[in-house]
Amino acid sequence: MNVTQKILSAHLLSGEMIPGKEISIRIDQTLTQDSTGTMAYLQFEAMGISRVRTERSVAYIDHNTLQTGFENADDHKYITTVAKKHGIWLSKPGNGICHQVQLERIGKPGKTLLGSDSHTPTGGALGMIAIGAGGLDVAVAMGGGAYYLDCPSVVNVRLTGKLSRGVAAKDVILELLRRLSVKGGVGKVMEYTGPGVATLSIPERATITNMGAELGATTSVFPSDEVTRAFLKAQNREEDYQPLTADEDAVYEETVEIDLSALEPMVALPHMPDNVMTVKEAGKIKVDQVCIGSCTNSSYQDMMRVAAMLRGKTVNPEVSLVIAPGSRQVLTMLSQNGALADMIQAGARICETACGFCIGMGQSPQTNGVSVRTNNRNFFGRSGTKSAGIYLVSCETAAATALSGYLSDPRDVEADLDVEMPETFVCNDNMILPPAAEAEAADVEVVRGPNIKPFPQADVLADDLTGSALLKMEDNITTDHIMPSGSNLLPFRSNIPKLSEYCLSPVDATFPERAKAAGGGFLVAGQNYGQGSSREHAALVPLYLKIRGVLAKSFARIHRANLINNGILPLEFVNEADYDRFDQEDEIVLTGIRQLVESGAEEIPVTNKTKGFTATMKLKVTDRQRQMLLAGGLINMIAGK
Ligand code: MIC
Ligand code: SF4
């Protein structure tokens, strides 16, 4: 067996391990973060389970930390109290980005982790099967319920050679994105093998597994080896180590070969993470801002390389350099060893250890600005400035760029980039609060400020559905299009009515008004609809606007599950050419849809009344998902049972 099969089969609760077939697995650990967590906990409460049944569940507060009004603080208070009551550990704001802290302090080889954040696969660096999902699926897992997924096919990403000086782990994943695209990993686990694996540290592996999310992959995983042991030992938890490698005769569905020695510094150009070329090919681009941090590139090793490059130099006068170390552990160590002073002296602006600029919480670039960043997503508008162009690079390329003022190849900068992994990290978990003991949980009061609003629930599926095509969209619509974030909107993640005023506004600002006036309808989209974030809000808000179904060429994995969990029909064009025959405002009818879903029909006739034709759409769902659609979503289904 390969590593993926070993972990999945050890956790298998139902189904057969045949790629494409539904399986369900037991979840050992969960994580939530604040921007998806409030909804996940409201849903967890609605299920009426008093205490989590996982080995370890952690609630992180790392996304909304600007606290520009009472809303963020309300969310923090709610999460803190609800976690304490129900057996969940709480990582306080300031302790770090969820994926970085989970890697340092919580993750364990061989375990399963489900997180309400699409970059949960970061944990794959430790040899875990770590999957991102919607808040509702995570709530179910916290309650001890199974997690259902399509059994993935496993891709062998065989690494040979060794990265050369100035070429980073980020360049490995950018190269994969260049080759495979943002749809290339759908339905797959990217499993790393080969002699190159041993040359990569755990944080380097984590950069790769983290950004595997951008391939659309179910997750990514590395073996657990001596490098893993050394990392866990340095984190003062060697007892969590367990070796885990693929068998000699392990079988994979596909193989991709990467020679690490042959790689060069890469860059993803606006506005897609797969719009990749080498830094040299991109040429001399003048830059206004450089941001270093995010869950992709904010480890101690990353930061030490940046500090080495900045030491004794000054950032280009026309560049604003922002650095956000990923965790309090990293920040503490940088402040103790002087590296932080090197950064500050070079002219860097140091930000809180949080998601920050990556999710548009501050540091929006100037009009038409060029911003070079180390995060994983450069989707249109995500930075908070619609006219800005975001370029994704490694920490080394970012530091070289900050110094020169132009997109620059780090191999041209003189600095000692050989940063050894420390033998011991500073381990202090005093910002991870334990939950109340079971006997005392009843006395914990859950505090709900005025920003905490109930979540919408779907109705049972009607016999027929009618409505107009409220919006027609292109390929690769992201969750940042469907439900934008940033400092204006992230404070309202617990307030669906307020968020609904901005739904799909980056595509068409008139959409929310029109949807409300029409009393709901349908959406039409191209390939890979809903790629990106796990935010369930991208389904909850359309549900609130009474969207009954999405007609698309294809869907991204997490978003598709979120739609079904919330009772919205995901329908795929059987004949892609039919997409061209639908226009915005066409009247759509799904006659006898309830009966069709009940009967297990996989082909759904969708009538376009305006144009006078009927297209066949695919409803590719399992029996369990059919029950969910009929009941009006997962919570209704559970309540009905
Ligand atoms: C993101 O990177 O888009 C986020 C913000 O972390 C999201 C979660 C969210 O929308 O709150 C994710 O990746 O799932
Ligand atoms: Fe936070 Fe950005 Fe990572 Fe999402 S991608 S978890 S916003 S740092």
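The figures here come from the full heavy-atom set of this structure, side chains too, leaving out hydrogens, waters and symmetry mates.
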Answer yes or no: is there a donor N or O on one side and an acceptor on the other, between the side chain of [X] and the main chain of [Y], under 3.5 Å?
| X | Y | result |
| --- | --- | --- |
| N378 | M272 | yes |
| T122 | H99 | no |
| D137 | A133 | no |
| T353 | G94 | yes |
| T207 | P203 | yes |
| S500 | P497 | yes |
| T479 | A538 | no |
| R205 | T228 | no |
| K453 | P450 | yes |
| T112 | D28 | yes |

[atom1] of [X] to [atom2] of [Y]: how many Å apart, nearest 0.5 Å?
| X | Y | atom1 | atom2 | value |
| --- | --- | --- | --- | --- |
| M211 | R377 | CE | CZ | 9.0 Å |
| S57 | L114 | OG | CG | 9.5 Å |
| M142 | Q43 | CE | CD | 9.0 Å |
| I359 | S533 | CD1 | OG | 7.0 Å |
| L433 | I88 | CG | CD1 | 13.0 Å |
| C98 | I106 | SG | CD1 | 11.5 Å |

Quick check: do [X] and [Y] have side-chain heavy atoms less than 4.5 Å from each other?
| X | Y | result |
| --- | --- | --- |
| M47 | I638 | yes |
| F44 | V52 | yes |
| V58 | Q29 | no |
| S327 | N95 | no |
| L113 | L31 | yes |
| C503 | L545 | yes |
| P542 | L504 | no |
| L490 | M361 | yes |

Are side-chain N/O atoms of [X] and [Y] paired as donor and acceptor at under 3.5 Å?
| X | Y | value |
| --- | --- | --- |
| D62 | Q33 | no |
| Q100 | S299 | no |
| E352 | T65 | yes |
| T38 | S494 | yes |
| E214 | H119 | yes |
| Y148 | Q625 | no |
| T296 | N210 | yes |
| R349 | S320 | yes |

Does atom [atom1] of [X] have more than 12 heavy-atom neighbours from other groups under 6.0 Å away?
| X | atom1 | result |
| --- | --- | --- |
| Q336 | CD | yes |
| E239 | CD | yes |
| K516 | NZ | yes |
| K92 | NZ | no |

*Which is it for D74 and K77 under the salt bridge (charged side-chain N to carboxylate O under 4.0 Å, His left out) test, yes or no, and what are the steps along the way?*
CA-CA 5 Å; D74 277 11; K77 190 73 189 172; over 6 Å; no
Return the minimal non-hydrogen interatomic distance between [X] and [Y], and the atom names on each side.
| X | Y | value |
| --- | --- | --- |
| E536 | G135 | OE1-N, 3.5 Å |
| Q235 | C427 | O-SG, 3.4 Å |
| I390 | S383 | CD1-CB, 3.6 Å |
| S118 | S534 | N-OG, 3.5 Å |
| H86 | I49 | ND1-O, 3.7 Å |
| S505 | P484 | OG-CG, 4.0 Å |

*Determine, step by step, whether N430 and R328 satisfy the side chain to side chain donor-acceptor pair (under 3.5 Å) criterion, reporting the C-alpha distance in whole Å, the side-chain angles of both residues, the deciding distance to 0.1 Å, and the verdict.*
CA-CA 11 Å; N430 64 352; R328 196 170 58 116; 2.7 Å; yes
*asked:* Can you tell me how the ring of F555 sits relative to the ring of Y529, calling it parallel under 30°, perpendicular over 60° and tilted otherwise?
replied: perpendicular
Using a strict threshold of under 4.0 Å (side-chain N to carboxylate O), is an ion pair present between [Y] and [X]?
| X | Y | value |
| --- | --- | --- |
| D302 | K170 | no |
| R514 | D508 | yes |
| E45 | R448 | yes |
| R105 | D429 | yes |

*Could you tell me which residues satisfy ring-ring contact (aromatic ring centres under 6.0 Å, His included) with F357, sequence neighbours excluded, listed by chain and number?*
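For F357, no residue satisfies ring-ring contact (aromatic ring centres under 6.0 Å, His included) once neighbours in sequence are set aside.
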*asked:* Run R53 and I27 through side chain to side chain contact (heavy atoms under 4.5 Å, CB included) and show every step you take.
replied: CA-CA 9 Å; R53 294 180 186 152; I27 296 297; over 6 Å; no
*For Y78, the option from N451, D34, V447, L42 that meets side-chain contact (heavy atoms from CB on, under 4.5 Å)*: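 Testing each of N451, D34, V447, L42 against Y78, the sole residue satisfying side-chain contact (heavy atoms from CB on, under 4.5 Å) is L42.
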*Of V444, L90, I79, which is the lone residue that meets side-chain contact (heavy atoms from CB on, under 4.5 Å) with K84?*
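Testing K84 for a side-chain contact (heavy atoms from CB on, under 4.5 Å) against V444, L90, I79 leaves exactly one candidate, V444.
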*Applying side chain to side chain contact (heavy atoms under 4.5 Å, CB included), run through L340 and I350 and close with a yes or a no.*
CA-CA 9 Å; L340 188 64; I350 308 298; 4.0 Å; yes
*Test log, rule side chain to side chain donor-acceptor pair (under 3.5 Å), inputs T32 and Y41*: CA-CA 9 Å; T32 58; Y41 293 116; 2.6 Å; yes
*With R535 as reference, evaluate T36, D117, D480 under the side chain to side chain donor-acceptor pair (under 3.5 Å) test and give the passing residue.*
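Exactly one candidate clears the test, D480.
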*Ring-ring centroid check F425 F231, cutoff 6.0 Å*: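 Ring centres of F231 and F425 closer than 6.0 Å.
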